Amino acid sequence: MEIELKLLLEPADADALRRHPMLAQYAAAPAREQQLSDTYYDTPAQDFRQGGAGLRVRRVGTEWIQTLKGGGDAGAGLHRRQEWESAVVGPEPDLAALRKLVGRKDACGDLLRAPGTAARLAPVFRTEVTRTVWDLVLPGGDTVELALDQGKLEAGGATAAVSEIELELKSGDAVRLFDFALALQQQVHLRVASSSKAERGYALGQALPHQPVKASPVKLSRKDSVEKAFRTIAANCVAQIHANSAGVADAYDEESLHQMRVGLRRLRSARGVFGKVLQLPPALSAELDWLAYELGHARDWDVMAGSTLPSIEDGMPPCRMLSDVIHAARETGQGARAAATDAARSQRYTRLMLSLGRWLYGKGWRQQVPARARLDVPARRVAATVLRRADNKLRKRGKALAGGTPEARHRTRIAAKKMRYASEFFASLYSGKQVKSFVKALTGLQDELGLLNDAVVAETLLAKVEDAHPGLAGPLAMVRTALRQRADDTTQAQKAWKRFAKARLPR
């Protein structure tokens, strides 16, 4: 199993890394330099990429080495993958040699043995990098290989720069990778990589922009303890957060920001679900709140300009004033979007991800648990209690939905959201059919209550639009009237509530 932490740095900062005192302090030997030329192969249907694998042939001097990576997981920049290597006689892969190394039950085993795979392989992209390697021995005896790669990716005539660090654990505890990266980051501007070279190479070859990443299903076992379940759920949330960070930091994609924010909210819900047993350190909790605010503020402006205001067009006079208001809203919200981009690119965000990774992989909650025996309680028992309490809370709040205030509807929406996330966290512990119908009813309720809340939020934001564009006072007054009507119309929300009221908890 290969375990490595991937970090990005600006090419101009490479010399600062080379001069970092920790490299001289912990290096077991002088740094060595290599010229690496990698060619990645796949089938026309990209079966390896679809299977979460990467196949490359690397030239180092006069030698050729093929490497297959697959399976494993990634979160907070830490990549854990199975890896198989063998020498080859030339620049093309030798699947027969790999089949001797990869078992049928291993990741990629079936793919390697599928008829015709070898014949359909073709180069997809190439990398040319200069690699500088330091072999490090850390104070606790952990051994780490630090590789600085600088060069380029080439795919389909397009190129992209490569400037990154890989901290690979050779022996010891993976937590030390986060400790070392946090120490490096105090003097060198680093970003936690959200994708591997292989993923970037495929995207470059297809000219793909950053793709928003939705939450993947949480897979728990009925034998899992509370601790194991929490670690699985939290890692799932952190992976969603970070997988979307490049889409916010590099090109401000609205859906990437939305999914990054969803990951944060899911993580917050997980903290609530396990709060009596597992506590996040206050400093980390405060940093998550900071990030949630920056992303949430930008998301409010995106929703208002992108969906809430366009949705009231049918109730407005046929004129240009609504489009003028939407344009002004986008302009006024630009500062919030820029702040979200700055947050995702910041060293503060890098520290947060590295600190979260350290806490997660190092089981930092064990330092705060008053009774560790509670960590061994079966997760299924906790799930049943959590879902029952959340269901009771939501049904109690929903009774006042018809004539309730916007604040009461907002509290009901939050309860529905927490209930949905908890149901999805524990879904694999219950019958799939039961969970699917229950979550569907919850999602419908959450969506309808969300639309009502969006109208309330938009009316608040329009005050800032008017401050920036006083000439739109007249049109804004009409827009506010339409938004109030939208916020007060609970017809669809009540229908969604009736559908949910018939739903029953998974058992």
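Numbers here are sequence positions counted from 1. Here the structure is a predicted model, which means the values were calculated and not measured.
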Next on the checklist: For the aromatic rings, using the six-membered ring if either is Trp, is the centroid distance between Trp359 and Phe178 under 6.0 Å?
Outcome noted: no
Item to check | Sidechain N-carboxylate O distance under 4.0 Å for Glu164, Arg200 | outcome: yes
Next on the checklist: Determine whether a donor-acceptor pair (N or O, by modelled atom type, separation under 3.5 Å) exists between the side chain of Asp42 and the backbone of Arg49.
Outcome noted: yes
Item to check | Residue pair Arg507 / Gln434, side-chain donor-acceptor N/O under 3.5 Å | outcome: no
Checklist entry - Looking only at side chains, do Arg261 and His258 share a donor and an acceptor under 3.5 Å apart? => result no
Next on the checklist: Rounded at 0.5 Å granularity, tell me how far CG in Asp488 sits from CG in Leu452.
Outcome noted: 9.0 Å
Checklist entry - Can you list the steps and then say if Phe230 with Trp365 is a ring-ring contact (aromatic ring centres under 6.0 Å, His included)? => result CA-CA 10 Å; Phe230 173 76; Trp365 51 84; 5.3 Å; yes
Item to check | Donor-acceptor contact below 3.5 Å, side chain Asp13 vs main chain Leu9 | outcome: no
Checklist entry - Where is the tightest heavy-atom contact between Leu483 and Leu462, given as atom of each residue plus distance? => result CD1-CD1, 3.5 Å
Checklist entry - Have Glu254 and Gln259 got a donor and an acceptor in their side chains that come within less than 3.5 Å? => result no
Item to check | Ser216 versus Asn236, side-chain donor and acceptor atoms under 3.5 Å | outcome: yes
Checklist entry - Just by distance, do the side chain of Asp224 and the backbone of Ala379 share a donor-acceptor pair under 3.5 Å? => result no
Checklist entry - So, for Gly333 and Trp301, which heavy atoms are closest and what is the spacing to 0.1 Å? => result CA-CD2, 3.5 Å
Checklist entry - Going from CG on Leu387 to OG on Ser423, what distance comes out if it is rounded to the nearest 0.5 angstrom? => result 5.0 Å
Pairs under 3.5 angstrom only: tabulate donor-acceptor contacts from the side chains of residues 441-451 to other protein residues two or more places apart or in another chain.
{"unit_1": "Thr443", "atom_1": "OG1", "unit_2": "Val439", "atom_2": "O", "d": "2.7"}
{"unit_1": "Gln446", "atom_1": "OE1", "unit_2": "Arg420", "atom_2": "NH1", "d": "3.3"}

Next on the checklist: Does the plane of the ring in Phe125 sit parallel, tilted or perpendicular to the ring in Tyr202? Use 30° and 60° as the thresholds.
Outcome noted: perpendicular
Throw together a table of side-chain donor-acceptor distances under 3.5 angstrom for residues 345-354, partners on residues two or more places apart or in other chains.
{"unit_1": "Arg345", "atom_1": "NH1", "unit_2": "Asp250", "atom_2": "OD1", "d": "3.2"}
{"unit_1": "Ser346", "atom_1": "OG", "unit_2": "Ala343", "atom_2": "O", "d": "2.8"}
{"unit_1": "Ser346", "atom_1": "OG", "unit_2": "Arg348", "atom_2": "N", "d": "3.4"}
{"unit_1": "Ser346", "atom_1": "OG", "unit_2": "Tyr349", "atom_2": "N", "d": "3.0"}
{"unit_1": "Gln347", "atom_1": "OE1", "unit_2": "Gln185", "atom_2": "NE2", "d": "2.9"}
{"unit_1": "Gln347", "atom_1": "OE1", "unit_2": "Leu190", "atom_2": "N", "d": "3.1"}
{"unit_1": "Gln347", "atom_1": "NE2", "unit_2": "His189", "atom_2": "ND1", "d": "3.1"}
{"unit_1": "Gln347", "atom_1": "NE2", "unit_2": "His189", "atom_2": "NE2", "d": "3.3"}
{"unit_1": "Gln347", "atom_1": "NE2", "unit_2": "Leu190", "atom_2": "O", "d": "2.6"}
{"unit_1": "Arg348", "atom_1": "NE", "unit_2": "Glu287", "atom_2": "OE1", "d": "2.8"}
{"unit_1": "Arg348", "atom_1": "NE", "unit_2": "Glu287", "atom_2": "OE2", "d": "3.4"}
{"unit_1": "Arg348", "atom_1": "NH2", "unit_2": "Glu287", "atom_2": "OE2", "d": "2.9"}
{"unit_1": "Tyr349", "atom_1": "OH", "unit_2": "His242", "atom_2": "ND1", "d": "2.7"}
{"unit_1": "Thr350", "atom_1": "OG1", "unit_2": "Leu190", "atom_2": "O", "d": "2.9"}
{"unit_1": "Thr350", "atom_1": "OG1", "unit_2": "Ser346", "atom_2": "O", "d": "3.4"}

Next on the checklist: With a 4.0 Å cut-off on N to O distance, would you call Asp302 and Arg337 a salt bridge?
Outcome noted: yes
Item to check | Ionic contact status for Glu466 with Lys464, cut-off 4.0 Å | outcome: no
Checklist entry - Where the side chain of Thr481 meets the backbone of Ala477, is there a donor-acceptor pair that is under 3.5 Å apart? => result yes
Item to check | Lys/Arg N to Asp/Glu carboxylate O, Lys197 vs Asp38, below 4.0 Å | outcome: no
Checklist entry - Does a donor on one side chain sit under 3.5 Å from an acceptor on the other, for Glu331 and His469? => result yes
Checklist entry - If only atom types and distance count, is the side chain of Glu199 paired as donor or acceptor with the main-chain N or O of Ser196 below 3.5 Å? => result yes
Checklist entry - With distance as the sole test, does Asp391 use its side chain to make a donor-acceptor pair with the main-chain N or O of Leu505 at under 3.5 Å? => result no
Item to check | Geometric cation-pi criterion, Arg268 with Tyr421: 6.0 Å, 45° | outcome: no
Checklist entry - Which is it for Arg271 and Ser285 under the side-chain hydrogen bond (donor to acceptor under 3.5 Å, both in side chains) test, yes or no, and what are the steps along the way? => result CA-CA 10 Å; Arg271 289 158 55 190; Ser285 184; 2.6 Å; yes
Item to check | Thr341 side chain to Tyr252 backbone, donor-acceptor under 3.5 Å | outcome: no
Checklist entry - Any ion pair linking Arg80 and Glu2 (charged N to carboxylate O, less than 4.0 Å)? => result no
Item to check | Inter-residue atom distance Cys237.SG - Leu356.CG, 0.5 Å rounding | outcome: 10.5 Å
Checklist outcome for this item: Separation between CZ (Arg231) and CG (Leu360), nearest 0.5 Å, reads 6.0 Å
Next on the checklist: Rounded at 0.5 Å granularity, tell me how far NZ in Lys363 sits from NZ in Lys228.
Outcome noted: 9.5 Å
Item to check | Ion pair check, Lys6 and Glu4, cut-off under 4.0 Å | outcome: yes
Item to check | Sidechain N-carboxylate O distance under 4.0 Å for Arg486, Glu459 | outcome: no
Checklist entry - When you measure from the side chain of Arg395 to the backbone N and O of Ala501, does any donor-acceptor pair fall under 3.5 Å? => result yes
Next on the checklist: Donor-acceptor check, side chain of Asn244 to backbone of Val213, threshold 3.5 angstrom: yes or no?
Outcome noted: yes
Next on the checklist: I'd like to know if the side chain of Thr412 and the backbone of Ala408 have a donor-acceptor N/O pair within less than 3.5 Å.
Outcome noted: yes
Item to check | Close aromatic pair by centroid cut-off 6.0 Å: Phe500 and Trp497 | outcome: yes
